[in-house]
Student: 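One structure, pasted below without further comment.
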Amino acid sequence: METKMLKPLNFRYALVIEEMDSVRTSIVNVLRAQGWFVHGIPRAEQAFHILAHSPYNLVVIDSELPGIGGIDFVRILHNSREWRMIRLVVITSSQSEDFATQVAECGAFLASKSRWQDDLLSFLSGYDEDPIYDRAKDEITL
């Protein structure tokens with residue numbers, strides 16, 4: 001009898017933080033269509049409790065949220081030892097180079113609000129091929 005090796009399942013979990021229900025639902029649907037398990041919430045403050053108990057690989061966040069804004073949330077995750085490896089996508093309508101620099105310094109991907117779907121799909125197409133992420137992951141596990 002021949003024994004077959006099964007490929008390990010590669011589950012991906014994403015958290016979408018977007019105040020507007022219709023936009024949040026659209027982002028969730030795009031991610032689900034790409035095979036992601038997705039949870040959507042309207043406020044960044046809710047995310048900390050969720051992240052403490054769930055293994056998310058990706059957070060997609062609107063930059064213009066009330067309360068803790070997108071860039072502040074991204075900075076918190078970037079500076080946190082436990083959440084630093086979560087990949088981040090910031091959706092914004094800002095055209096500011098300073099804002100783009102701040103997002104990049106936190107290791108996040110910037111998506112334009114006017115073409116968020118194309119930008120998000122572009123980001124996802126390279127998700128498994130990011131050598132910087134792989135090196136960083138190796139450094140943390142060493």
Student: Heavy-atom distance under 4.5 Å between the side chains of Trp83 and Val59, does that happen here?
Tutor: no
Student: Where do Leu120 and Ile91 land on the side-chain contact (heavy atoms from CB on, under 4.5 Å) test, with the steps shown first?
Tutor: CA-CA 9 Å; Leu120 181 58; Ile91 298 177; 5.7 Å; no
Student: Roughly how far, to the nearest 0.5 Å, is CD of Gln102 from CD1 of Ile71?
Tutor: 5.0 Å
Student: Could you tell me whether a side-chain N or O of Arg24 sits under 3.5 Å from a main-chain N or O of Glu18, the two making a donor and an acceptor?
Tutor: yes
Student: For Asp21, does its backbone N or O pair with a side-chain atom of Thr25 as donor and acceptor, under 3.5 Å?
Tutor: yes
Student: How far does OG1 of Thr92 sit from CD1 of Ile61, to the nearest 0.5 angstrom?
Tutor: 11.0 Å
Student: What is the minimum heavy-atom distance between Asn57 and Arg12, and which atoms define it?
Tutor: OD1-CA, 3.4 Å
Student: Using atom types as modelled and distance alone, determine if a side-chain donor or acceptor of Asp72 lies under 3.5 Å from a backbone N or O of Ile68.
Tutor: no
Student: Starting at CG of Leu77, measure out to CZ of Phe48 and round the result to the nearest 0.5 Å.
Tutor: 6.5 Å
Student: Passes side-chain contact (heavy atoms from CB on, under 4.5 Å), Phe73 versus Leu65? Steps please.
Tutor: CA-CA 10 Å; Phe73 182 83; Leu65 292 170; over 6 Å; no
Student: Output the distance between atom CG (Leu58) and atom CZ (Phe109), rounded to the nearest 0.5 Å.
Tutor: 11.0 Å
Student: Search all heavy atoms of His39 against all heavy atoms of Ile41 and return the closest pair with its distance.
Tutor: CE1-CG2, 3.6 Å
Student: Could you state the interatomic distance from CD1 (Ile27) to OG (Ser22), rounded to the nearest 0.5 Å?
Tutor: 9.5 Å
Student: Restricting to non-hydrogen atoms, name the atom on Ala14 and the atom on Leu31 that form the minimum distance, rounded to 0.1 Å.
Tutor: CB-CD1, 3.9 Å
Student: Using every non-hydrogen atom in the two residues, find where Arg43 and Gly67 come nearest and quote the distance to one decimal.
Tutor: NH2-CA, 3.7 Å
Student: Spell out, as yes or no, whether a donor-acceptor pair under 3.5 Å connects the side chain of Glu64 to the backbone of Ser93.
Tutor: yes
Student: Indicate yes or no for a side-chain donor-acceptor contact from Ser54 to the backbone of Tyr56 under 3.5 Å, with no hydrogens or angles considered.
Tutor: no
Student: Just wondering, do Leu121 and Val30 contact through their side chains at under 4.5 Å, heavy atoms?
Tutor: yes
Student: I'd like to know whether Arg84 forms a side-chain contact (heavy atoms from CB on, under 4.5 Å) with His78, so could you lay out the CA-CA distance, the side-chain angles of the two residues, the decisive distance to 0.1 Å, and finally the verdict.
Tutor: CA-CA 5 Å; Arg84 173 174 237 146; His78 178 71; 3.5 Å; yes
Student: If you take all heavy atoms of Ala100 and Leu110, which pair is closest and at what distance?
Tutor: CB-CD2, 3.7 Å
Student: State, to 0.1 Å, how close Phe99 and Ser63 come at their nearest heavy-atom pair, and which atoms those are.
Tutor: CZ-CB, 3.5 Å
Student: Does Ser122 use its side chain to pair, donor to acceptor, with the backbone of Asp118 at less than 3.5 Å?
Tutor: no
Student: Val60 pairs by side chain to side chain contact (heavy atoms under 4.5 Å, CB included) with which of Ile17, Val89, Leu15, Val38?
Tutor: Val89
